[in-house]
Enquirer: 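Just dropping this structure here.
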Protein chains: 2
Amino acid sequence: MKAPRQSDVARLAGVSQSAVSRVVSGDIDRIPAETQERIRAAVKELGYVPNAAARNLRNKRNRLLGVHTFEAVFPHAREDFYFEFLLGIEERAEEIGYDLVLFTSTGTSDGRRRIYRNGTNRLNLADGTVLLGAATDREELARLWHDGYLFVHIGRREVADAEIPCIIPDYVSAADRLVTSLAERGHQHFAYLHSGIDQEAYADRRAGYRAAIERLGLHDRSPGFRGEPELTEEWLDELASGPETAVVAETVGLAEQLRTGLAVRGLSIPADLSVAVLEGPGNEAGHRWDCLVVPRKEIGRIAIDALVARVENPDEEPVSRLVACELVAGETVAAPPQSKE
Amino acid sequence: MKAPRQSDVARLAGVSQSAVSRVVSGDIDRIPAETQERIRAAVKELGYVPNAAARNLRNKRNRLLGVHTFEAVFPHAREDFYFEFLLGIEERAEEIGYDLVLFTSTGTSDGRRRIYRNGTNRLNLADGTVLLGAATDREELARLWHDGYLFVHIGRREVADAEIPCIIPDYVSAADRLVTSLAERGHQHFAYLHSGIDQEAYADRRAGYRAAIERLGLHDRSPGFRGEPELTEEWLDELASGPETAVVAETVGLAEQLRTGLAVRGLSIPADLSVAVLEGPGNEAGHRWDCLVVPRKEIGRIAIDALVARVENPDEEPVSRLVACELVAGETVAAPPQSKE
DNA sequence: CCAGAGTGCTCATACGTATGAACGTGCAGC
DNA sequence: GCTGCACGTTCATACGTATGAGCACTCTGG
């Protein structure tokens, strides 16, 4: 029971293989309707179906887009970082008629996934690949780029001597707008709570924060922002007695800690202090923090579009794109208390 | 910047293309270590990577497994049916070094996905495919089978004139054991709450239920089981006053309705009536029903193994497999009330 | 009646790989 | 010195498709 080929169809229809190829792939300018009909009938009778591999070999195109995460996708997906991106990726791929390859074969025993393994890069199976993962390996990225492989990376990733095309949440602008909106509410004195971990991931947010503070002539003297350990008892005491009316926290976790620290001192949010967070709300339906929302699904879609643009037009310049983040109002920001106005 | 081919590697290493092919694909019986080294070095230097399409064309093998769902995977995945299956599929594929192709390109405007579209079956890009989805289209399945395409289906799916290899939760045995365990608790009189929708999906469960009832000489006179509308006021009245001490419900939803219907009549679960459910617990952390658990992740893994077994050994008979379901204790089963003993 | 254009189709080839067959070399055994 | 054999390597081909070039024929216009 072997799959029929174009040549089988051709024999049945009494034409050549190339005529069949022309009909099935739509190049029918010079093939009269009657012949087309005969060929189509033969196709149907034999149940002919084009061989994707042969087509690909011939065409260099696959309509296949890779998705490479540096960790397993599904196992963590429920609450996970990746999940929403994948939503957008799948959705958009489906819309434009591409299939997705999940590169799972590149896993190592330690649970990490590498692109290159014993010198082999499976990725080239796809026309192009979306890379994502906080733990993206710089060296591999650099090599991939130097090899001229077509890819986009979700999230900012700077690599020396390579210009990685990234789809980046516009944290700079979002942090700036967040501060601006606090200032518009009347806040003048700010503190910044930084996470300490992963310097690079928060660099944009810090830049946006600082830019807004300076542009608007606001005051900030938060120790955390100067790199010292934050959320210590001393820090909290200082905050409680200081002029600050607004705190910008990098993570929800920090904000929660802050809340308890303040409660001990008899202060509440937002009555005494407004707090906004520089990351999206988690799934845990806790306090409704004022925060920014990374449009992950949207980013997934954009990544696919950026990739496909280059796949379909190789002359296209690889560029990074910023994607705007929305600010969402919660219940943790209010006007400054009158006592401090 | 074109991808290097074996012939490029060969030129650099000073050997023939076929020698390169032999080394990269492991057929090295008659190639001395020294030559292998030279070739490997050239491979590395050029960053050679095998062309999947050409390989596939030549071999009929890809180390690529398809995943075809008849609806979008990710969009619903959080709470969804598919999710756990995919977990297992990805996990197992990773372990054995296969990549996964998500067939998304086959979507139609109505949101359904078909395998065959304008005569083209994209699936044949992969070595074999795992199909899943409650709404699986029978005609397409039949055609796929008749075309000799390699696949397994998750969930039972019967198609005339075709023997679809399926991975099937063993609902028959699970339902039987569930009844048996109720009987061991002392229950003699049972009622069965059926969902009315999707006859086929619950057929196995009904069979297992009935088998246990008959084998153990138990009593059942539930109208629902005879196909009449269930959970009517009359039905509830009858149940409340009848000899039944245990109800087996097909879905959690039905069980919940039952609970409220009983509450109105002053009866509670499990004090007055034990209730067990023939489907797994949802994510909603409501009442802890006694129920069965479909080992979805496990099934995903098994599907991959079954598929790969046939991919790697085409003589292998396509067979369906039953996978045992676990029963989990909840808080809705107890001994029958003494008044009815 | 011939040049030129158009029509309907086929020829030949390339895509990159894997592999059975064949080839040349060196060496052991008789 | 010839046969036989193992070894190391290459040759040649097939997989199924797409497509530019080309061929044979018909028609149109001058």
Side-chain angles (χ1 to χ4, degrees), chain A residues 2-40 42-43 46-64 120-122 124-127, chain B residues 2-40 42-43 46-64 118-125 127 147-149 314:
Chain A
K2 266 190 49 55
R5 303 161 290 175
Q6 289 184 351
S7 55
D8 299 320
V9 176
R11 200 172 321 112
L12 181 59
V15 295
S16 72
Q17 174 263 325
S18 47
V20 175
S21 169
R22 299 204 131 91
V23 167
V24 298
S25 48
D27 176 15
I28 50 175
D29 282 358
R30 300 176 48 170
I31 304 201
E34 194 256 343
T35 308
Q36 288 184 41
E37 274 324 298
R38 236 179 30 231
I39 293 178
R40 294 231 171 74
V43 163
L46 296 182
Y48 166 79
V49 148
N51 177 312
R55 264 198 172 161
N56 178 229
L57 179 56
R58 173 70 221 215
N59 288 341
K60 313 317 229 171
R61 288 288 148 65
N62 239 335
R63 293 196 84 75
L64 217 53
T120 303
N121 163 14
R122 287 271 292 164
N124 74 342
L125 200 150
D127 296 342
Chain B
K2 268 187 49 51
R5 303 161 289 177
Q6 289 184 351
S7 56
D8 299 321
V9 176
R11 200 171 323 115
L12 181 59
V15 295
S16 74
Q17 174 263 325
S18 47
V20 176
S21 170
R22 299 204 132 91
V23 168
V24 299
S25 47
D27 176 15
I28 50 175
D29 281 357
R30 302 177 45 170
I31 303 201
E34 193 255 344
T35 307
Q36 287 184 41
E37 274 323 299
R38 234 180 29 234
I39 292 179
R40 293 232 170 73
V43 162
L46 295 182
Y48 165 79
V49 140
N51 178 311
R55 261 198 174 162
N56 188 350
L57 180 57
R58 172 71 224 218
N59 282 345
K60 323 304 216 183
R61 287 292 142 66
N62 240 222
R63 291 195 86 73
L64 256 185
N118 55 11
T120 304
N121 165 12
R122 287 270 294 163
L123 297 199
N124 67 353
L125 202 148
D127 296 343
D147 286 355
Y149 185 80

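In what follows, chains are A, B, ... by sequence order, proteins preceding strands, each numbered from 1.
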Enquirer: Output the rounded distance in Å from CG (B:D27) to C1' (C:dA21).
Expert: 14 Å
Enquirer: Mind running a 4.0 Å heavy-atom check of residues 17-25 of chain A against DNA chain C and sending the residues that fall below it, in number order?
Expert: A:S18, A:A19, A:R22
Enquirer: When you measure from the side chain of B:R30, which nucleotide among C:dA18, C:dT10, D:dT9 comes out closest?
Expert: D:dT9
Enquirer: Between C1' on C:dA14 and CG on A:L57, what's the gap in Å once rounded to a whole number?
Expert: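 For the pair A:L57 CG and C:dA14 C1', the rounded distance is 9 Å.
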Enquirer: What is the minimum heavy-atom distance between B:D8 and B:A3, and which atoms define it?
Expert: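 Taking B:D8 first and B:A3 second, the nearest heavy atoms are OD2-O, 4.4 Å.
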Enquirer: Evaluate the side chain to side chain contact (heavy atoms under 4.5 Å, CB included) criterion for residues B:Q17 and B:V20: first the C-alpha distance (whole Å), next the side-chain angles of each, then the deciding distance (0.1 Å), finally the verdict.
Expert: CA-CA 5 Å; B:Q17 174 263 325; B:V20 176; 5.6 Å; no
Enquirer: Atom CD of B:E34 to atom C1' of D:dT9: distance rounded to whole Å?
Expert: 13 Å
Enquirer: Which whole-number value in Å describes the distance from A:D29 CG to D:dT19 P?
Expert: 12 Å
Enquirer: Check this one for me: any side-chain N or O of B:R58 less than 4.0 Å away from OP1 or OP2 of C:dG16?
Expert: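 The answer is no; no side-chain N or O of B:R58 sits under 4.0 Å from OP1 or OP2.
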Enquirer: Could you check whether any side-chain heavy atom of A:T35 comes within less than 4.5 Å of a side-chain heavy atom of A:I39, counting everything from C-beta outward?
Expert: yes
Enquirer: Heavy-atom nearest nucleotide on DNA chain D for A:A54 versus B:R38: which residue maps closer to 5'?
Expert: B:R38
Enquirer: Please report the distance, rounded to the nearest Å, between CG in A:L46 and P in D:dG16.
Expert: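 After rounding, the reported distance stands at 14 Å.
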Enquirer: Tell me the interatomic distance from A:D8, atom CG, to D:dC15, atom P, rounded to whole angstroms.
Expert: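 The answer, rounded to whole Å, is 11 Å.
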Enquirer: Rounded to whole angstrom units, what separation is found between the CD1 atom of B:I31 and the C1' atom of C:dT19?
Expert: 12 Å
Enquirer: Expressed in angstrom and rounded to an integer, what is the separation of B:Q6 atom CD from D:dC15 atom P?
Expert: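 One finds 19 Å between P of D:dC15 and CD of B:Q6, rounded.
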Enquirer: Need one value for A:T35: base, sugar-phosphate or nothing, where a base atom within 4.0 Å counts as base even if backbone is also close, heavy atoms only.
Expert: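 It contacts sugar-phosphate atoms only.
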Enquirer: Determine the contact category for A:N59: base if any of its heavy atoms lies under 4.0 Å from a base atom, sugar-phosphate if only primed atoms, P, OP1 or OP2 are that close, otherwise nothing.
Expert: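 If one applies the 4.0 Å heavy-atom cut-off, A:N59 turns out to touch the sugar-phosphate alone, with no base involved.
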Enquirer: Quick one: closest heavy-atom pair of B:S21 and B:S25, and the distance?
Expert: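 Smallest heavy-atom distance, with atoms named: O-OG, 2.5 Å.
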Enquirer: Any chance you could lay out the side chain to side chain contact (heavy atoms under 4.5 Å, CB included) test for A:R40 and A:V23, step after step, and finish with the verdict?
Expert: CA-CA 8 Å; A:R40 294 231 171 74; A:V23 167; 4.0 Å; yes
Enquirer: Which part of the nucleic acid, if any, lies within reach of A:R5 when heavy atoms closer than 4.0 Å are counted: base, sugar-phosphate only, or nothing?
Expert: sugar-phosphate
Enquirer: Considering non-hydrogen atoms only, spot the tightest contact between A:R22 and A:I28 and give its length.
Expert: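 Residues A:R22 and A:I28, closest heavy atoms: O-CG2, 3.9 Å.
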Enquirer: Check A:A13 against A:R38 and note the closest heavy-atom contact, atom names and distance.
Expert: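 Minimum heavy-atom separation between A:A13 and A:R38: O-NE, 3.1 Å.
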Enquirer: Can you tell me if A:K60 touches the phosphate of C:dG16, counting only side-chain N or O atoms and a distance under 4.0 Å to OP1 or OP2?
Expert: yes
